[in-house]
Amino acid sequence: MGNNRVQYDYQGARVLVTGGTSGIGAGIAAAYRAAGATVTVTGTRGSAADYDHDLSGYRYLTLDVEDPAQIDAVASAQDELDILVNNAGIALPSLGLDEWDPDTFDRAVTIHLTSGFRLARRCRDALARSTLDGGASIVGIGSMSSYFGIGIVPGYGAGKTGLLGLIRSMAVEWGRLGIRSNAVAVGLCASRMTAATVANPEWSAPTLARTPLGRLGEPTDVAGAVLFLTSAQASWITGQTLPIDGGYTVSG
């Protein structure tokens, strides 16, 4: 059998991946770097040296997405930008917080929707200057809660649902600038954020039972789809959301 794996060439492309130090974000950042791109990742720690793993292949910027000033600073540091991947996020209940508390709900929406909009808007002009084949791209990371309610995360779900509407609006408004805007909606994927869920069979077993492909996702599953959506092969795709879930959303 032949090798049907696609090898993308992003040589010379400038990519920003928020939350790119671990999990899905790290998988996406690594895929762009392997394809030749210059990649900036953000994280909440003061420097790249504060992480246990090697980030020397990336430009690192500190970003707390709840801090508008830090968002503006990260955007201002992007003199040239071809691709923005708004990946940063966290399920606040994993920190022991209750998203049914109005203040925590507001935090969740800020983290997963408002901050991504602010960063995209602040990066718009840099993206509009891109000469990347296929055009500049913004990619948002949605979830299964973009489509249906998950009781423990009303704020996270509201943010991820709103993201799909934002993606469509940016596609309509910024298409004339040569900026495409798409999203991926990720099913249960092994990462630091989902570690507790994956480890708990009460949560993971029903998900696996409903997933036709019978396995959890990996960051590489998401990365491949993201690189496609920002490639020249997807140059006429904008305003769309691609589920990456092993078939979960089409299974009863």
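Below, each value reflects all heavy atoms present in this structure, side chains not excepted, and no hydrogens, waters or symmetry copies.
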Query raised in the report: Taking the side chain from W100 and the backbone from G155, do they hold a donor-acceptor pair closer than 3.5 Å?
Result: no

Query raised in the report: Where is the tightest heavy-atom contact between L164 and S146, given as atom of each residue plus distance?
Result: CD1-CB, 3.8 Å

Report task. State, with a plain yes or no, whether a side-chain heavy atom of I237 is found less than 4.5 Å away from one of F228. Result -> yes

Requested in this report: Report yes or no: do Y10 and T230 form a side-chain donor-acceptor pair below 3.5 Å?
Outcome: yes

Report task. Can you establish whether the number of heavy atoms outside R168 located under 6.0 Å from its atom CZ is more than 12? Result -> no

Query raised in the report: Any side-chain heavy-atom pair from Y32 and Y8 closer than 4.5 angstrom?
Result: no

Query raised in the report: Are any non-hydrogen side-chain atoms of T42 and L16 less than 4.5 angstrom apart?
Result: yes

Query - R107 vs E66, salt bridge (Lys or Arg N to Asp or Glu O under 4.0 Å): CA-CA, chis, key distance, verdict - result: CA-CA 8 Å; R107 286 188 64 192; E66 294 186 78; 2.8 Å; yes

Query raised in the report: Can you find a pair of side-chain heavy atoms, one from V184 and one from I141, that are under 4.5 Å apart?
Result: yes

Requested in this report: To the nearest 0.5 Å, tell me how far S137 OG sits from L227 CG.
Outcome: 10.5 Å

Query raised in the report: Which of these, L63, D64, V65, sits in a side chain to side chain contact (heavy atoms under 4.5 Å, CB included) with D67?
Result: D64

Report task. For atom CG of D133, decide whether the heavy atoms of other residues, nucleotides or ligands shown that lie under 6.0 angstrom number more than 12. Result -> no

Query raised in the report: Considering all heavy atoms of both residues, which atom of A185 and which atom of Y147 are nearest to each other, and what is their separation?
Result: CB-CE1, 3.6 Å

Query raised in the report: Nearest heavy-atom pair of A126 and Q78: which atoms, and what distance?
Result: CB-O, 3.3 Å

Query raised in the report: With the threshold set at 4.0 Å, does a side-chain nitrogen-carboxylate oxygen contact exist between D79 and R129?
Result: no

Query raised in the report: Is there a side-chain contact between L84 and V139 (heavy atoms, below 4.5 Å)?
Result: no

**Report entry** Any M170 side-chain heavy atom under 4.5 Å of I138 side chain
**Finding:** yes

Query - Residues R215, E218: salt bridge by 4.0 Å N-O rule - result: no

Query raised in the report: Looking at OH of Y156 and NE2 of H112, how far apart are the two atoms once the value is rounded to the nearest 0.5 Å?
Result: 5.5 Å

Requested in this report: Rounded to the nearest 0.5 Å, what's the gap from CG on L119 to CD1 on I71? Could you check?
Outcome: 6.5 Å

Report task. Identify the two heavy atoms, one from V109 and one from G159, that lie closest to each other, and give their separation to 0.1 Å. Result -> CG2-N, 4.4 Å

Report summary line: Between A88 and G19, the two heavy atoms sitting closest are CB-N, 3.8 Å

Report summary line: Between the CG atom in L127 and the CD1 atom in I179, the distance rounded to the nearest 0.5 Å is 5.0 Å

Query raised in the report: About how many Å separate OG1 of T21 and CZ of R45, when rounded to the nearest 0.5 Å?
Result: 7.0 Å

Query raised in the report: Any chance the rings of Y60 and Y51 have centres within less than 6.0 Å?
Result: yes

Query raised in the report: Applying the side chain to side chain contact (heavy atoms under 4.5 Å, CB included) test to V226, which of I24, N182, V85 qualifies?
Result: V85

Report summary line: dist R121:CZ -> E173:CD (nearest 0.5 Å) comes out at 9.5 Å

Report summary line: Correct closest heavy-atom pair for S181 and A171 would be CB-N, 3.8 Å

